[in-house]
Amino acid sequence: MSGEPAPGTVLKRLDEIPDPGGAPADYDALPIIVLRSGDTVRAYVNVCPHAGRPLSLPSGKTLVSEGRYVICPFHGASFELGTGACAGGPAGKSRLKPVAIEVIEGEVRAR
Ligand code: FES
């Protein structure tokens with residue numbers, strides 16, 4: 001994927017991400033959202049597969065429901081936080097595009 005961060009790139013500090021919740025990554029070449037619920041941390045391309053809108057609001061606020069689903073703020077599609085699979089709404093059987101990460105010393109880094 002074009003613009004993917006090089007391994008080791010710091011995308012976000014863990015303590016900058018609401019738990020449960022999400023936040024856009026500190027990375028400009030590709031829009032990435034980092035999601036967190038307890039020990040589960042995932043990163044996805046920050047583009048909803050329904051109509052290509054971001055999963056976060058302009059303020060960076062990200063809607064996570066029940067600690068399990070990220071909700072697209074535009075038309076309400078929900079996606080499993082852990083897998084990126086669509087769980088309801090207008091995005092059908094699509095899924096979010098994952099970005100490989102690891103958490104090291106409190107930092108979410110590209111893998
Ligand atoms: S753009 Fe996300 S549900 Fe439509």
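Just so it is clear, the values below take in all heavy atoms, side chains as well, and ignore hydrogens, waters and symmetry mates. One-based numbering, in listed order, for ligands and for the atoms of each.
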What atoms in ligand 1 come closer than 4.0 Å to a heavy atom of [X]?
X     : value
Ala77 : 3 (S)
Cys48 : 1 (S), 2 (Fe), 3 (S)
Arg53 : 1 (S)

### Query
Is any N, O or S atom of His50 under 2.8 Å away from atom 2 (Fe) of ligand 1?
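Under 2.8 Å: His50 has no N, O or S contact with atom 2 (Fe) of ligand 1.
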### Query
Is His75 close enough that one of its N/O/S atoms sits under 2.8 Å from atom 2 (Fe) of ligand 1?
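It does not: His75 brings no N, O or S atom closer than 2.8 Å to atom 2 (Fe) of ligand 1.
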### Query
Measuring from Lys12:NZ to Arg36:CZ, what's the distance to the nearest 0.5 Å?
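Rounded to the nearest 0.5 Å, the NZ-CZ separation comes out at 12.5 Å.
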#### Entry: Ser37 and Asp19: side chain donor to acceptor below 3.5 Å
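Judged by distance alone, the side chains do not pair up.
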### Query
Counting heavy atoms only, which part of Cys72 comes closer than 4.0 Å to ligand 1: side chain, backbone, both or neither?
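Only the side chain of Cys72 comes within reach of ligand 1.
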### Message
Whether Glu107 and Arg109 form a salt bridge (side-chain N of Lys/Arg under 4.0 Å from carboxylate O of Asp/Glu) is what I want to check.
### Response
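Looking at Glu107 together with Arg109, the answer is yes, because their closest N to O distance falls below 4.0 Å.
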### Taking every non-hydrogen atom, the tightest pair across Ala87 and Tyr69
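Ala87 and Tyr69 have their closest heavy atoms at CB-CE2, 3.6 Å.
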### Query
Does any non-hydrogen side-chain atom of Tyr44 lie less than 4.5 Å from one of Val99?
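No, their side chains stay 4.5 Å or more apart.
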